[in-house]
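Inspection log for the structure reproduced underneath, given as structure tokens.
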Amino acid sequence: EGACWALSAIANEVKVNKEKIGELGGIELVGAAMRELAASVGVQAQACSLLRTIAEHSDFNKIKIAAAGGIECVVVAMRGHTGSEEVQKQACEALSHIASRVANNKIKIVEA
């Protein structure tokens with residue numbers, strides 16, 4: 001949870017940092033954390049927030065998130081935490097950013 005928060009802070013409003021996280025395998029690590037800690041509301045909310053942050057203004061990361069199974073991780077988080085307003089909010093914002101300007105991602109979200 002704390003690691004996702006820290007990466008979000010580093011990436012916030014700094015495109016080069018967002019893309020560096022994607023280049024260095026950060027997206028795959030976030031997905032692994034989401035799968036491993038699926039029961040943790042805090043991890044799911046912060047991971048969704050991080051995916052939103054690194055997808056914003058970065059088509060490179062949007063494509064990489066989809067390829068790494070990030071869309072599915074976000075949808076699973078939503079389904080697993082229907083009672084958490086924070087997970088639902090962060091997940092919706094993540095999907096919105098991941099879908100923006102990338103038609104294939106929109107299709108993947110509908111199919112997820």
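Counting begins at 1 with the first residue of the sequence. Note that these values count all heavy atoms, side chains included, but never hydrogens, waters or copies made by symmetry. Being a predicted model, the structure only gives us computed values, none of them experimental.
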| Nearest heavy-atom neighbours spanning Met34 and Cys73 | CE-O, 3.6 Å
| task | Of all the heavy-atom pairs spanning Gln44 and Ala77, show the shortest one and how long it is. | result | OE1-CB, 3.3 Å
| query | If you look only at pairs with a residue in residues 101-112, which of them pass as a salt bridge (Lys or Arg N to Asp or Glu O under 4.0 Å), with sequence neighbours excluded? | reply | Asp59-Arg101
| field | CG on Leu50 to CD on Gln46, rounded to 0.5 Å | value | 8.5 Å
| Can Ile54 be reached from Leu29 by stepping across I, L, V, M, F, W or Y side chains whose heavy atoms are under 4.5 Å apart? | no
| Between atom CD of Gln90 and atom OG of Ser8, what is the distance when rounded to the nearest 0.5 Å? | 8.5 Å
| said: Tell me the closest heavy-atom pair linking Gly70 and Leu51, and the distance in Å. | reply: O-CD1, 4.3 Å
| query | Are the charged groups of Glu93 and Lys89 less than 4.0 angstrom apart, N to O? | reply | yes
| said: Taking the side chain as everything from C-beta on, heavy atoms only, tell me whether Arg52 gets closer than 4.5 Å to Ser96. | reply: no
| said: Quick check for you: to the nearest 0.5 Å, what is the distance between Glu56 atom CD and His97 atom NE2? | reply: 4.5 Å
| What's the shortest heavy-atom distance between Ala94 and Cys48, and which atoms? | CB-O, 3.4 Å
| Do Thr53 side-chain atoms and Ser49 backbone N/O form a donor-acceptor pair below 3.5 Å? | yes
| query | Measuring from Lys18:NZ to Phe60:CZ, what's the distance to the nearest 0.5 Å? | reply | 14.0 Å
| task | Can you see which heavy atom on Ile65 is nearest to which on Ala55, and at what distance? | result | CD1-CB, 3.9 Å
| Do the non-hydrogen side-chain atoms of Met78 and Cys92 ever get within less than 4.5 Å of each other? | yes
| Shared hydrophobic cluster, Val43 / Ile27 (ILVMFWY, side-chain heavy atoms < 4.5 Å) | no
| field | Spacing of Asn17 atom CG and Ile10 atom CD1 [to the nearest 0.5 Å] | value | 7.0 Å
| said: Do Val87 and Val74 land in one hydrophobic cluster if side-chain heavy atoms of ILVMFWY residues count as linked below 4.5 Å? | reply: no
| query | Is there a donor-acceptor pair under 3.5 Å between the side chain of Gln88 and the backbone N or O of His81? | reply | yes
| field | Test item: Glu19 side-chain N/O and Ser58 main-chain N/O as donor-acceptor pair under 3.5 Å | value | no
| field | Main-chain N/O of Lys62 paired to Asn105 side chain as donor or acceptor, under 3.5 Å | value | yes
| message | I'd like to know if Glu28 and Lys64 make a salt bridge, using a cut-off of under 4.0 Å between side-chain N and carboxylate O. | response | yes
| message | Please report the interatomic distance CD(Glu72) to CZ(Arg35), rounded to the nearest 0.5 Å. | response | 9.0 Å
